[in-house]
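Data first, discussion second: the structure below is written as structure tokens.
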Amino acid sequence: MQKSLKWLSSSLLCSAVLIGGCNEDKKAASDGQVGQAAVPQKTYEWKMVSTWPPNFPVFQEGVDRFAKNLDIMSQGRLKIKVYAGGELVPSLQTFDAVSQGTVELGHGAAYYWAGKVPAAQFMSAVPFGMNAQGMNDWFYGGDGLTLWRELYEPFNVIPFPVGNTGVQMGGWFNKKIESVEDLKGLKMRIPGLGGKVLSKAGGTPVLLAGGEIYTSLERGNIDATEWVGPYHDKRLGLNRAAKYYYTPGWHEPGTMLELIINKAAWKSLTPDLQKMVEEVAMATNLWMHTQFDTLNLNALRELMADKNIEVLGFPPEVLAQLKLLTQEVLDEEAAKSADFKRVYENFKAFSANHDVWQTLSEISYYSANHPSMPFDIQKALKDAAQ
Ligand code: CA
């Protein structure tokens, strides 16, 4: 009796509102899955743009996966048509398109909008900042996400962390970097705060979209470039354009990618769909990071086997100097913008604690498991107590 009443109410709802999804519900009801028919049937057809090239592995793949999973989980109530960079709007207009409501959703990285929101750079990558684990901790466990939402609030944009590249590579150079002197006069494609640090070291940061990097390096218009990690760098053919490949990516130690949603569109969603978007965003964040981590080592091994290139580590004194210069850049930027200062202070305090816990947990364990890596646990405990 109860079953047939539910079926009846489902049929009435379908005939009353005549919207997508009802046929599925009738089928479900006839299959005996009557519980699902009571779900509110308002449907949404949204557009999503990104800053990535079409079919760009992991990045655009993650965006496609996000949209597809929401379609499945919402039983077709939230349909998102995905456009890669340039297909509907130019890549770097993604933020404006979402802000103005031209599209409901976007995917990119917060440092692309540094010109509009300088403090947004903390939401993507900070040289010598936190790794992927730390960034996730700051967003989901600390104040990171709240601060991020405050920064985007004036633009009617709601951000979510979706995807992390992990530690990137230091980049491709047409000469060896043996001292800080070698960075002087170096023209390098490197975005964001990392570019400002290079500038302080006497180099010239250049901004280039992904599609222009290979040709510029190969023709000698730039002397060096960073891109992502071994998997994506190899795919772009950078190993055919420069001889020296350096690690680590001091400038991007755990670059967080972002999903952005127009505020009015978000508010129009039913609470259950809002929850699905939130949870699928978190799942996609995890999925993308696992892909980067899984694909990069094989690609690096292939590059290391290539006789035409050399994979090298930056000398410790170069890294130490870049770290000092990073501190100067961050302090200068904080002096220019109250928002930057506010976010920087929160980020700095969280990072300091994160470092202590990483040392006592991850590094302590890593050393226990790899005895060749010396680690003084007593000293670490003593430092943590201070
Ligand atoms: Ca990069």
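When a residue number appears, it is its place in the shown sequence, counting from 1. As the structure is a prediction and not an experimental result, all values here were calculated from the model. Counting starts at 1 for both ligands and their atoms, following the listed order.
- Checked against a 6.0 Å centroid threshold, the rings of Phe347 and Tyr344 do not count as neighbours.
- Contact annotation: Gln168 places an N, O or S atom under 3.0 Å from the Ca ion (ligand 1).
- Counting backbone and side-chain atoms alike, Trp227 contributes an N/O/S atom closer than 3.0 Å to the Ca ion (ligand 1).
- The atom of Glu226 that is an N, O or S and sits closest to the Ca ion (ligand 1) is OE1.
- Annotation: Tyr152 is in aromatic contact with Phe95 [ring centroid separation under 6.0 Å].
- Between the Ca ion (ligand 1) and the N, O or S atoms of Glu252, the shortest distance is to OE2.
- Ring centroid separation for the pair Tyr231 and Phe292 does not come in under the 6.0 Å cut-off.
- In this structure, Tyr246 contributes its side chain and Lys176 its backbone to no donor-acceptor pair below 3.5 Å.
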